Chemist: 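Just dropping this structure here.
As the structure is a prediction and not an experimental result, all values here were calculated from the model. Numbering starts at 1 and runs along the sequence shown. All values below come from the heavy atoms of this structure, side chains included, with hydrogens, waters and symmetry mates left out. Counting starts at 1 for both ligands and their atoms, following the listed order.
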Amino acid sequence: MTKFPKDFFWGGATAANQYEGGWNEGGKGPTVADYLTAGNRKQVRKYKNPIDPNQIYPSHKASDFYHRYKEDIKLMAELGLKMYRMSISWARIFPNGDDEKPNQEGLDFYRDVFQELKKYNIEPLVTLSHYELPFNLAEKYDGWVNRKLIDFYVSYSETVIKEYHGLVKYWLTFNEINSVTLPTGGYFNAGIMSIANGEGFGPEEYPKETPVEVSKRFTALHNQFLASAKTVKMAHDFDSDLQIGCMIGGLTSYPLTPHPDDMLLFQKQLNNQLFFCADVHNYGEYPYYMERYFKENEIIITKVSGDDEILKDGCVDFVTFSYYSTGCLTTNDDVDKTKGNLVFGAKNPYLETSEWGWQIDPKGIRYFLNEFYRRYRKPIIISENGLGAIDTLEEDGKVHDPYRIDYMKQHIEQMGEAIEDGVELIGYTPWGIIDITSMSTGEMLKRYGVVYVDAHDDGTGSFNRYKKDSFDWYRNVIKHNGSATSL
Ligand code: BG6
């Protein structure tokens, strides 16, 4: 007996800047990710430009998908994947972001990738922008603050959506667009050089911003909303069967206590950080509750007339979000804090944590799936989920990762519950299905995959691939469509 629908998209996910490598090959230009050095749990990543030969830049080689995509896609097929979420690196198509013509070598590379996927009947789900803005757009235009980026992005999205027509049906406009509501998103996501330099990935690492700086972030976000909406419209005008979705970062939290102040804080934060962007993508307008937030924080968004109509005309077809953990919210400052890359806040006394201090909360995925579905009533995909952990490659080439199997099992069970609740969940693409570098720390040590990549933080390794125990386990789950006995 399974709770999952017949055509459920069992999948896996990666992003170019963390997986692809080949950072200066095939005519690709540098991206904002290419100037970030590796860090670890104690040392934040640094923005270092020009390239320092004594530093490791994780995106430069990453897991070397650029040279090994055939081997990797074959492994994905063996695993039985029905969907593969990946991103196109914009700078591989338009090396400077503002070029007149696309880079043919870049177009050819992704065509080969998509054809290879088609060979195995694996449906691609393609993110157009996953923390990999062409660096020139950050340096020359100050990133997404500048409205010119809307046209550059739409020219890029139109190029690839039309180029790969017949090969790619499902698209996501921006990865974790709501990360721009946080100071961390200023560089990673929006490429705003005038306010952020990409260092650090936690609230404690960021100095308090002035209202002018925060206004820049929210103006950048507004421009991304417009770029997304224009892309949706362009794609639908071109072929109404194309499915364009949004991707929301799981900034998922609970109130720490039933104190009414904690409840109000919880409601406010969920609105402002989790649902705000999803509301704009799905309803085509800014939600009422942001008015007060903008006013109280002196946020002024630069808009022009006609923007409202553009947003209305570009609502997405489906919803996706990443989900790793939950935090707790309280007005009391004197509490233990939890760790994460997007989820912060107070520790939940009922949850265990990963080796990186992220709280593990399988039941939360059911709760938030219901919350998203209740609001938007559109098909949902969990576009990222997984456990970042340290794995050991044994001498016999085996990797025993029962902790990862346990994590995935519990989350899949709760997704099944959500389906029984009535949520239209159509897919699950767990993160870093083949090991990739971490975004927040830049480490290779932190692994999510069911396939081990023999690569290490100091840049050494054969880059050979090894199946972990979780590979066989997940393959069996897929084969039996998530039946209770396969879990
Ligand atoms: C998501 C990002 O927020 O979290 C990914 O979309 C990222 O790019 C993932 O890799 C896991 O975070 P981390 O920091 O462990 O790599």
Chemist: Aromatic rings Tyr170 and Phe318: how do their planes relate, parallel, tilted or perpendicular, breaks at 30° and 60°?
Modeler: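 Aromatic pair Tyr170/Phe318 classed perpendicular.
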Chemist: For Trp358 and ligand 1, does the shortest N/O to N/O distance drop below 3.5 Å?
Modeler: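 Between Trp358 and ligand 1 (N or O atoms, distance only) the closest approach is not under 3.5 Å.
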Chemist: Could you tell me whether the side chains of Thr127 and Arg85 share a donor-acceptor contact shorter than 3.5 Å?
Modeler: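 Indeed, the side chains of Thr127 and Arg85 share at least one donor-acceptor pair under 3.5 Å.
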Chemist: For Glu384 and ligand 1, does the shortest N/O to N/O distance drop below 3.5 Å?
Modeler: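 N/O-N/O distance below 3.5 Å exists for this pair.
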Chemist: Report the distance from atom CD1 of Ile360 to atom NE2 of His411, rounding to the nearest 0.5 Å.
Modeler: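 Here the rounded value is 7.5 Å.
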Chemist: Ignoring hydrogens and geometry, is there a side-chain-to-backbone donor-acceptor pair from Arg465 to Glu71 under 3.5 Å?
Modeler: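 Checking the backbone N and O of Glu71 against the side chain of Arg465, no donor-acceptor pair under 3.5 Å is found.
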Chemist: Under 4.0 Å, heavy-atom basis, I'd like to know which part of Trp356 is in contact with ligand 1: side chain, backbone, both or neither.
Modeler: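 No part of Trp356 comes within reach of ligand 1.
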Chemist: Can you tell me the protein heavy atom closest to atom 8 (O) of ligand 1 and the distance?
Modeler: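 Minimum-distance protein heavy atom for atom 8 (O) of ligand 1 reads Gln18 OE1, 2.7 Å.
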Chemist: Look at ligand 1 and say whether His130 reaches it with a heavy atom at a distance under 4.0 Å.
Modeler: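 Per 4.0 Å heavy-atom rule, His130 contacts ligand 1.
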Chemist: Answer yes or no: does an N/O atom from Ser438 fall short of 3.5 Å to an N/O atom of ligand 1?
Modeler: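 The answer is yes, given that Ser438 and ligand 1 share an N or O pair closer than 3.5 Å.
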Chemist: Heavy atom under 4.0 Å from ligand 1: found in Asn175's side chain, backbone, both, or neither?
Modeler: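 It is the side chain that gets close, since no backbone atom is under 4.0 Å.
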Chemist: For atom 9 (C) of ligand 1, which protein heavy atom lies nearest, and how many Å away is it?
Modeler: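 It is Tyr324 OH, 3.3 Å.
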Chemist: Under a 3.5 Å threshold, yes or no: a donor from one side chain and an acceptor from the other, between Ser322 and Glu176?
Modeler: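 Judged by distance alone, the side chains do pair up.
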Chemist: Side chain or backbone, does Trp431 bring an N or O within less than 3.5 Å of an N or O on ligand 1?
Modeler: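 Checking ligand 1 against Trp431, an N or O pair does fall under 3.5 Å apart.
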Chemist: Quick one: does Tyr448 get an N or O within less than 3.5 Å of an N or O on ligand 1?
Modeler: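 N/O-N/O distance below 3.5 Å exists for this pair.
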Chemist: If we only count N/O pairs under 3.5 Å, is Met439 in contact with ligand 1?
Modeler: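 Among all N and O atoms of Met439, at least one is under 3.5 Å from an N or O of ligand 1.
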Chemist: Of the protein's non-hydrogen atoms, which lies at the shortest distance from atom 14 (O) of ligand 1, and what is that distance?
Modeler: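 Residue, atom and distance for the closest contact: Ser440 OG, 2.5 Å.
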Chemist: When you measure from the side chain of Tyr323 to the backbone N and O of Gly386, does any donor-acceptor pair fall under 3.5 Å?
Modeler: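 Judged by distance alone, no pair lies under 3.5 Å.
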Chemist: Whether Asp472 and Arg475 form a salt bridge (side-chain N of Lys/Arg under 4.0 Å from carboxylate O of Asp/Glu) is what I want to check.
Modeler: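 Here Arg475 pairs with Asp472 in a salt bridge, since their nearest N and O are under 4.0 Å apart.
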Chemist: So which heavy atom in the protein is nearest atom 4 (O) of ligand 1, and how far is it from that ligand atom?
Modeler: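 That would be Asn341 ND2, 3.1 Å.
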Chemist: Supply the atom-to-atom distance Asn341 CG to Thr184 OG1, rounded to the nearest 0.5 angstrom.
Modeler: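 With rounding to 0.5 Å, CG (Asn341) is 8.5 Å from OG1 (Thr184).
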Chemist: List for me each residue that meets side-chain hydrogen bond (donor to acceptor under 3.5 Å, both in side chains) alongside Arg41, sequence neighbours excluded, and say none if there are none.
Modeler: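 For Arg41 there are no side-chain hydrogen bond (donor to acceptor under 3.5 Å, both in side chains) partners, ignoring immediate neighbours.
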